[in-house]
Amino acid sequence: MATFKFYIPAVNLMGAGCLQEAAADIQGHGFRKALIVTDKILNQIGVVARLTSLLAEHGIESAVFDDTRPNPTMSNVESGLAMIKAHGCDCVISLGGGSPHDCAKGIALVATNGGSIQDYEGVDCSARPQLPLIAINTTAGTASEMTRFCIITDETRQVKMAIIDKHVTPLMSVNDPELMLAKPAGLTAATGMDALTHAIEAYVSTAATPVTDASAVMAIELIAKHLRTAVNQGDDLQAREQMAYAQFLAGMAFNNASLGYVHAMAHQLGGFYDLPHGVCNAVLLPHVQAYNARVSAARLKEVARHMGVDVSAMSDAQGAEAAITAIKQLALDVKIPAGLEQLGVRADDFDVLASNALKDACGFTNPRQASHEEIVAIFRAAM
């Protein structure tokens, strides 16, 4: 029987107003100077200033790197490293969604291990833990604030590198739904569908366990119940808090059961066309699960049940089809684009996209292994 390792940050703060408590905890670790990795929008609207002021009240100085791109790049990592060295930072704080968290992980990992972030592509390629990282979340979707996954774009190869490494697990995660209020509907929809993808891919993964299953199905239930409200009523604190729990649970699931072809393929779309990750996942999710249904019908029937479908009179195959229909309906309700063609994806690129997807570590635990031609066919179906 195979052994099971469960990865999660040592401390995870949840709930409205927990940012204040997080600052005290950071101070308690004895950190004195932090590099804050974020983006320009959060800096412009004052969220970064709120954090720097709070840190200062607890005796912690900070330097701000706000050049993180929506799909963070190797160049972003190198620029952040230069700031760590220039300011003598003893910890990293990421503030934002998946992009700042991933960028911060890349910076913190190379800060202690040396070389280039490209050296750590793959699974557990580093020798030492990263510089201590505190991840403060402002969206409900990627779960990057609590995972051992780091996705960085290699601009030269136009691919997203999947770095899956126990050493990039943050020291602390912070999910304060007050920071998530009034986020744009499109961002809320994309990140919410990203979380649903995490939960479903983990649930049908070949590495799933009873622990990851429990996390995944609760995440699916919460997303099916609360995502529409979070999208349509951005100031609903209850919906935001429930989505924060949902995305965290989905993170617990995929952080330990890994993912599948949805992510392996979405990473290529993001790296090649610089497209938003959550939207790519949302478009691909029903098509990959249609491919998986031959071997995962019973599990997909359970997905349908947890999304609120009455499957009691259905066969496994019918239940799997019901799950795919429910996924498509939720995506439609939150106004996700209907296909990849709307995102500017070109059929002429399918060969290279499929070749790169088959190399992506996220696909290794997909329940049904595909040929190059089958990946191309899934891309075509998603157009």
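Numbers here simply count residues along the sequence, with the first being 1.
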*Just jot down the side-chain hydrogen bond (donor to acceptor under 3.5 Å, both in side chains) partners of Asn232, sequence neighbours excluded, or say none.*
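For Asn232 there are no side-chain hydrogen bond (donor to acceptor under 3.5 Å, both in side chains) partners, ignoring immediate neighbours.
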*asked:* I'd like to check the side-chain hydrogen bond (donor to acceptor under 3.5 Å, both in side chains) partners of Tyr245; sequence neighbours left out, ordered by chain and number.
replied: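 Tyr245: no side-chain hydrogen bond (donor to acceptor under 3.5 Å, both in side chains) contacts found.
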Side-chain ([X]) to main-chain ([Y]) donor-acceptor, under 3.5 angstrom:
X	Y	value
Asn76	Arg69	yes
Asp235	Ala182	no
Glu178	Ala16	no
Thr191	Thr188	yes

_Using a 6.0 Å cut-off, check whether atom NZ of Lys225 has over 12 heavy atoms from anything other than its own residue._
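At most 12 heavy atoms, drawn from other residues, nucleotides or ligands, come within 6.0 Å of this atom.
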*Anything under 30° is parallel, anything over 60° is perpendicular, the rest tilted; go ahead and classify Phe149 against Phe254.*
perpendicular
*Hey, can you tell me if His263 and His267 have their rings parallel, tilted or perpendicular (30° and 60° cut-offs)?*
perpendicular
_Geometric cation-pi criterion Arg368 and Tyr291, 6.0 Å radius, 45° cone_ = yes
*Salt bridge between Glu302 and Arg299, side-chain N to carboxylate O under 4.0 Å?*
no
*Can we say Lys40 and Asp66 salt-bridge, meaning some charged N sits less than 4.0 Å from an Asp/Glu carboxylate O?*
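Salt bridge present between Lys40 and Asp66.
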